[in-house]
Chemist: 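Got a structure for you, written out below as structure tokens; questions coming shortly.
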Amino acid sequence: MKESRRKQMQTLIAQRKTITMEELQDTFQVSMNTIRSDVAYLVATGAAEKIYGGVRILQEQEVPLFAQRAALRPDAKERIARRAETLIQDQDILYFDPGTTTMHLVNCLDPSKHVTIITGSLYVIAQACSLPNVQLIVLPGILNRRTNSLADVSTLEFLGRYHFAKAFMGVSSISPSGRLNVSTYIEYELKKLAVQQSLHAYLLADASKFGRESLMAYGGLEDMAEVITDAPCPPPFQELCHEKNVRLTLAE
């Protein structure tokens, strides 16, 4: 109930741009203390910012177009995907997070493996259609051209019905403290839920992702069973992975 209300509240704030605390209370018919708690949560996750007497939508961080990001370091991303594919077993139920590294994973799949893939990535959907041993579950939503994926509140509701053996996750950047950063609130919600619904989560991140801060984080390195990258990452990250008991794998 609380999570559903907060998602509805975030959608309303996004539509209205600015809204007062009293208007939120009237709309959701809960106490002002509950409204304050919900607003504090949205502010903490980077979905909104507090203003005098109310709240307003926080401008989402600008993300380069998908095609621009997909053209960066393709060889490194493919090496990472090839290494990640070795983790997939026959009959696995998998979540493929939208991203310019995780998308390569579908092209590396052993065609003899029978797997189920759940995804909102348009690239993965298009490629998986030609793989007869892949059962494909397509997440609903509105097309986000910057991530080339389907994502909105309905995507969260649909994704919450499934559990996965393995989730292959992307990331906008990894902060020095090990936070897994995202650029938008809907990415925050989707990635966080995907990790929660998976038995094991694996982070696919090329070396350029390490060491940069961002507004929101869907989790930390400790939420991953393994981090797969293409080049030796800075010593502080190696120490963090060791400290948090996270495997760090270099894709050759």
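What you see below is based on every heavy atom in this structure, not just the backbone, and it leaves out hydrogens, waters and symmetry mates.
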Chemist: Grouping I, L, V, M, F, W and Y whenever their side-chain heavy atoms are under 4.5 Å apart, do V153 and M216 come out in a common cluster?
Modeler: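 No, because V153 and M216 fall into different hydrophobic clusters, even though each may have its own neighbours under 4.5 Å.
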Chemist: Does the side chain of T34 pick up a donor-acceptor pair with the side chain of S37 at under 3.5 Å?
Modeler: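 No.
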Chemist: For F28, which residues count as a ring-ring contact (aromatic ring centres under 6.0 Å, His included) partner, sequence neighbours excluded?
Modeler: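 Result, ring-ring contact (aromatic ring centres under 6.0 Å, His included) vs F28: none returned.
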Chemist: First locate atom OG1 of T18, then atom CD1 of I13, and finally report the distance between them rounded to the nearest 0.5 Å.
Modeler: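 The distance works out to 9.5 Å.
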Chemist: Could you work out, with side chain to side chain contact (heavy atoms under 4.5 Å, CB included) as the rule, every residue matching P232, not counting sequence neighbours?
Modeler: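 Partners of P232 by the side chain to side chain contact (heavy atoms under 4.5 Å, CB included) criterion, ordered by chain and then number, come out as L250.
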Chemist: Would R79 and E252 satisfy salt bridge (charged side-chain N to carboxylate O under 4.0 Å, His left out), going step by step from the backbone distance to the final call?
Modeler: CA-CA 7 Å; R79 290 200 308 274; E252 300 295 342; over 6 Å; no
Chemist: Which residues pass the side chain to side chain contact (heavy atoms under 4.5 Å, CB included) test with H163, not counting sequence neighbours?
Modeler: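 If we apply the side chain to side chain contact (heavy atoms under 4.5 Å, CB included) test to H163, skipping adjacent residues, the hits are Q197.
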Chemist: Would you say the side chain of D92 lies within less than 4.5 Å of the side chain of F164, judging by non-hydrogen atoms?
Modeler: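 No, every pair of side-chain atoms sits at 4.5 Å or beyond.
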Chemist: Are L156 and I142 in one and the same hydrophobic cluster, where Ile, Leu, Val, Met, Phe, Trp and Tyr link if side-chain heavy atoms are under 4.5 Å apart?
Modeler: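 Shared cluster, no.
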Chemist: Say whether, by atom type as modelled, one donor and one acceptor occur between the side chain of E78 and the main chain of H104 under 3.5 angstrom.
Modeler: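 No; zero donor-acceptor contacts below 3.5 Å.
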Chemist: Any chance you could measure L131, atom CG, to H114, atom NE2, to the nearest 0.5 Å?
Modeler: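 Interatomic distance, L131 CG to H114 NE2, rounded to 0.5 Å: 11.5 Å.
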Chemist: Atom CZ in R5, atom CG in L12: separation rounded to 0.5 Å?
Modeler: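 Rounded to the nearest 0.5 Å, the CZ-CG separation comes to 13.0 Å.
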Chemist: Check the pair L122, S149 against side-chain contact (heavy atoms from CB on, under 4.5 Å), reporting the backbone distance first and the verdict last.
Modeler: CA-CA 5 Å; L122 294 190; S149 66; 5.7 Å; no
Chemist: Check L248 against C233 and note the closest heavy-atom contact, atom names and distance.
Modeler: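 Residues L248 and C233, closest heavy atoms: CD2-SG, 3.4 Å.
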Chemist: Main chain of F96, side chain of T119: is a donor-acceptor contact present, judged purely on distance under 3.5 Å?
Modeler: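 Side chain of T119 to backbone of F96: a pair is present.
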Chemist: Start with the C-alpha gap between E49 and R56, add the side-chain angles, then the distance that decides, and say whether side-chain contact (heavy atoms from CB on, under 4.5 Å) holds.
Modeler: CA-CA 6 Å; E49 63 179 340; R56 69 183 174 194; 2.7 Å; yes
Chemist: Sequence neighbours left out, what pairs pass ring-ring contact (aromatic ring centres under 6.0 Å, His included) with at least one residue falling in residues 198-222?
Modeler: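 Listed once each, the pairs are F168-Y202, F210-F237.
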Chemist: According to salt bridge (Lys or Arg N to Asp or Glu O under 4.0 Å), does anything in residues 116-138 pair up with another residue at least two apart or in another chain? List the pairs.
Modeler: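 Salt bridge (Lys or Arg N to Asp or Glu O under 4.0 Å) check on residues 116-138 returns no pairs.
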Chemist: Can you name the nearest heavy-atom pair linking L136 to C129, along with the distance?
Modeler: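 Taking L136 first and C129 second, the nearest heavy atoms are CD2-SG, 4.3 Å.
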Chemist: Contact between V195 and M224 at the side-chain level, heavy atoms closer than 4.5 Å - yes or no?
Modeler: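 Yes - at least one pair of side-chain heavy atoms lies under 4.5 Å apart.
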Chemist: Do L24 and V55 come within less than 4.5 Å of each other through their side chains, counting heavy atoms only?
Modeler: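 Counting from C-beta outward, L24 and V55 do come under 4.5 Å.
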Chemist: Is R247 reaching over with its side chain to a backbone N or O of C241, donor-acceptor style, under 3.5 angstrom?
Modeler: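 No, R247 side chain to C241 backbone: no donor-acceptor pair under 3.5 Å.
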Chemist: Any salt bridge (Lys or Arg N to Asp or Glu O under 4.0 Å) pairs touching residues 110-127, not counting sequence neighbours?
Modeler: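 The answer is E85-K113.
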Chemist: Do the side chains of I88 and L109 get nearer than 4.5 Å, heavy atoms only?
Modeler: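 Of all side-chain heavy-atom pairs linking I88 with L109, at least one is under 4.5 Å.
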Chemist: Any side-chain heavy-atom pair from M169 and K191 closer than 4.5 angstrom?
Modeler: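 Yes; the side chains approach each other to less than 4.5 Å.
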Chemist: Backbone N or O of P111 within a donor-acceptor pair of the N133 side chain at under 3.5 Å?
Modeler: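 Checked: pair present.
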Chemist: Testing the 3.5 Å rule here: is there a donor-acceptor pair between the side chains of S208 and D206?
Modeler: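 On atom types as modelled, these side chains qualify, holding a pair under 3.5 Å.
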Chemist: Taking the side chain as every heavy atom from C-beta outward, state whether N181 and S175 have any pair of such atoms under 4.5 Å apart.
Modeler: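 Yes, at least one pair of side-chain atoms sits under 4.5 Å.
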Chemist: Please test E189 against R6 for salt bridge (charged side-chain N to carboxylate O under 4.0 Å, His left out), starting from the C-alpha separation and ending with a verdict.
Modeler: CA-CA 11 Å; E189 290 284 7; R6 286 174 173 175; over 6 Å; no
Chemist: Could I get the full list of salt bridge (charged side-chain N to carboxylate O under 4.0 Å, His left out) partners for K209, not counting sequence neighbours?
Modeler: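 Listed in chain order: nothing, the list is empty.
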Chemist: Within this structure, what is the CD1-OH distance for the pair I137 and Y95, rounded to the nearest 0.5 Å?
Modeler: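 OH of Y95 is found 12.5 Å from CD1 of I137.
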Chemist: What's the shortest heavy-atom distance between G120 and L139, and which atoms?
Modeler: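 Of all heavy-atom pairs spanning G120 and L139, the closest is N-CD1, 3.8 Å.
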Chemist: Which pairs pass salt bridge (Lys or Arg N to Asp or Glu O under 4.0 Å) with one or both residues in residues 22-36, sequence neighbours excluded?
Modeler: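 Pairs touching residues 22-36 that pass the test: R16-E23.
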Chemist: The criterion is salt bridge (charged side-chain N to carboxylate O under 4.0 Å, His left out); which residues satisfy it with D152, sequence neighbours excluded?
Modeler: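 So D152 forms no salt bridge (charged side-chain N to carboxylate O under 4.0 Å, His left out) with any residue.
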Chemist: Answer yes if I19 and M32 sit in the same cluster of Ile, Leu, Val, Met, Phe, Trp and Tyr residues linked by side chain heavy atoms under 4.5 Å apart, and no otherwise.
Modeler: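 Yes.
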Chemist: Would you call I228 and L87 a side-chain contact if the rule is heavy atoms closer than 4.5 Å?
Modeler: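 A side-chain contact exists here, since the closest heavy-atom pair is under 4.5 Å.
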Chemist: Nearest 0.5 angstrom please: D230 CG to R83 CZ, how far?
Modeler: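 Going from CG on D230 over to CZ on R83, the span is 14.0 Å.
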Chemist: With sequence neighbours left out, write down each residue that passes salt bridge (charged side-chain N to carboxylate O under 4.0 Å, His left out) with E222, or none if nothing qualifies.
Modeler: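 Here the qualifying residues are K244.
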Chemist: Please round to the nearest 0.5 Å and tell me the distance separating atom OG1 of T102 and atom NZ of K77.
Modeler: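 Between T102 OG1 and K77 NZ, I get 9.5 Å after rounding to 0.5 Å.
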Chemist: For D90, does the CG atom sit with more than 12 other heavy atoms under 6.0 Å from it, leaving out its own atoms?
Modeler: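 Atom CG in D90 is packed in, count exceeds 12.
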Chemist: With L204, which of D97, T229, V171, T101 fulfils side chain to side chain contact (heavy atoms under 4.5 Å, CB included)?
Modeler: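 Among the candidates, only T101 passes.
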Chemist: Could you tell me whether the side chain of S198 and the main chain of A167 form a donor-acceptor pair under 3.5 Å?
Modeler: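 Pair absent, no side-chain N/O of S198 close to backbone of A167.
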Chemist: Please test I174 against R212 for side-chain contact (heavy atoms from CB on, under 4.5 Å), starting from the C-alpha separation and ending with a verdict.
Modeler: CA-CA 6 Å; I174 307 171; R212 292 188 283 120; over 6 Å; no
Chemist: What do the steps show when you test N107 against Q127 for side-chain contact (heavy atoms from CB on, under 4.5 Å), and what is the final call?
Modeler: CA-CA 7 Å; N107 296 324; Q127 299 301 111; 3.1 Å; yes
Chemist: Taking only residues two or more places apart in sequence or in another chain, which ones pass side chain to side chain donor-acceptor pair (under 3.5 Å) with Q135?
Modeler: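 Partners of Q135 under the side chain to side chain donor-acceptor pair (under 3.5 Å) test: T116.
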Chemist: Do T20 side-chain atoms and G54 backbone N/O form a donor-acceptor pair below 3.5 Å?
Modeler: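 Side chain of T20 to backbone of G54: no pair is present.
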Chemist: Do S172 and S183 pass the side chain to side chain donor-acceptor pair (under 3.5 Å) test, and can you show the C-alpha distance, the side-chain angles, and the key distance before you say yes or no?
Modeler: CA-CA 7 Å; S172 296; S183 302; 3.3 Å; yes
Chemist: Is there a continuous path of hydrophobic side-chain contacts, each under 4.5 Å between heavy atoms, that joins L199 to I117?
Modeler: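 No, separate clusters.
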Chemist: Once salt bridge (charged side-chain N to carboxylate O under 4.0 Å, His left out) is applied, do any residues pair with R179, and if so which ones, sequence neighbours excluded?
Modeler: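 Per chain and number, R179 pairs via salt bridge (charged side-chain N to carboxylate O under 4.0 Å, His left out) with no residue.
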Chemist: Is there a side-chain contact between I118 and V138 in this structure, where contact means two heavy atoms from C-beta onward sitting under 4.5 Å apart?
Modeler: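 Counting from C-beta outward, I118 and V138 never come under 4.5 Å.
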Chemist: What's the shortest heavy-atom distance between A128 and V134, and which atoms?
Modeler: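 Heavy atoms of A128 and V134 come nearest at CB-CG1, 4.2 Å.
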